[in-house]
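As the structure is a prediction and not an experimental result, all values here were calculated from the model.
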Amino acid sequence: MHIAEEVRGDVTILRPVGPIDSAAAPRFEARLFAALAPADPDAPEKAPDGLVLDLSAVTQLTPAGLRSLLLAVRQARPGGGKAGGRAGVRIVLAAVPGPIRGVLEEAGLAALLESHGDLDAAVRAASQH
């Protein structure tokens with residue numbers, strides 16, 4: 001799995017490509033947590049406002065990938081970070097393929113995450129407080 005990253009204003013966009021399975025989940029999780037972290041650990045207010053996951057090129061999402069995503073959702077909540085907490089980071093999904101959407105719905109994560117059909121709409125949503 002490859003993960004491309006882009007920043008638009010205060011929104012970080014991650015684009016995983018390929019399966020998010022047990023082999024790829026640790027790398028996926030590490031990238032999610034890195035994207036949620038403030039650029040300066042001494043300034044938690046400098047965390048991104050939003051994180052968009054463009055899932056258009058994800059071919060498989062296994063329980064290991066779901067776990068990584070759930071941990072990121074928990075981390076993104078207000079105060080979810082370590083040492084003193086911080087404002088929450090809004091995670092928004094973009095361009096979720098039908099089979100991946102089904103996996104998210106079955107796991108109950110679709111109800112926790114806002115989803116948009118295209119990347120631009122997801123970025124706009126993620127940048128809103």
Return a table of donor-acceptor pairs under 3.5 angstrom between the side chains of residues 28-36 and protein atoms on other chains or two or more places apart.
from  : atom 1 : to    : atom 2 : distance (Å)
Glu29 : OE1    : Arg67 : NH1    : 3.1
Glu29 : OE1    : Ser68 : OG     : 3.1
Arg31 : NH1    : Ile3  : O      : 3.2
Arg31 : NH2    : Glu5  : OE1    : 2.8

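Scored by the side chain to side chain contact (heavy atoms under 4.5 Å, CB included) test, Pro97 finds Leu55, Pro99, Ile100 as partners (sequence neighbours excluded). Not counting sequence neighbours, the partners of Leu70 by the side chain to side chain contact (heavy atoms under 4.5 Å, CB included) test are Arg74, Leu109, Leu112. In this view, Ala24 and Met1, Asp21, Arg27 satisfy the side chain to side chain contact (heavy atoms under 4.5 Å, CB included) rule, not counting sequence neighbours. Partners of Asp120 by salt bridge (Lys or Arg N to Asp or Glu O under 4.0 Å), not counting sequence neighbours, listed by chain and number: Arg8. Under the salt bridge (Lys or Arg N to Asp or Glu O under 4.0 Å) criterion, Arg15 pairs with Glu6, Asp54, not counting sequence neighbours. By the side-chain hydrogen bond (donor to acceptor under 3.5 Å, both in side chains) test, Glu114 pairs with Arg90, His116, sequence neighbours left out.
Note that the CG atom of Leu104 and the CG atom of Leu113 stand 7.5 Å from one another [nearest 0.5 Å]. The distance from the CG atom of Leu93 to the CG atom of Leu119 is 11.5 Å, given to the nearest 0.5 Å.
Hydrophobic cluster membership differs between Val96 and Ile13, with clusters built from Ile, Leu, Val, Met, Phe, Trp and Tyr side chains linked at under 4.5 angstrom. Cluster membership check: Val58 does not share its hydrophobic cluster with Val52, using side-chain heavy-atom separations under 4.5 Å among Ile, Leu, Val, Met, Phe, Trp and Tyr.
The salt bridge (charged side-chain N to carboxylate O under 4.0 Å, His left out) contacts involving residues 92-112 comprise nothing, where partners must be two or more places apart or lie in separate chains.
The shortest non-hydrogen separation linking Ser22 to Ala64 is CA-CB, 3.7 Å. Taking each heavy atom of Pro16 and Leu14 in turn, the nearest pair found is CD-O, 3.5 Å.
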Apply side chain to side chain contact (heavy atoms under 4.5 Å, CB included) to residues Val92 and Val11 and explain how you reach the verdict. CA-CA 10 Å; Val92 179; Val11 175; over 6 Å; no
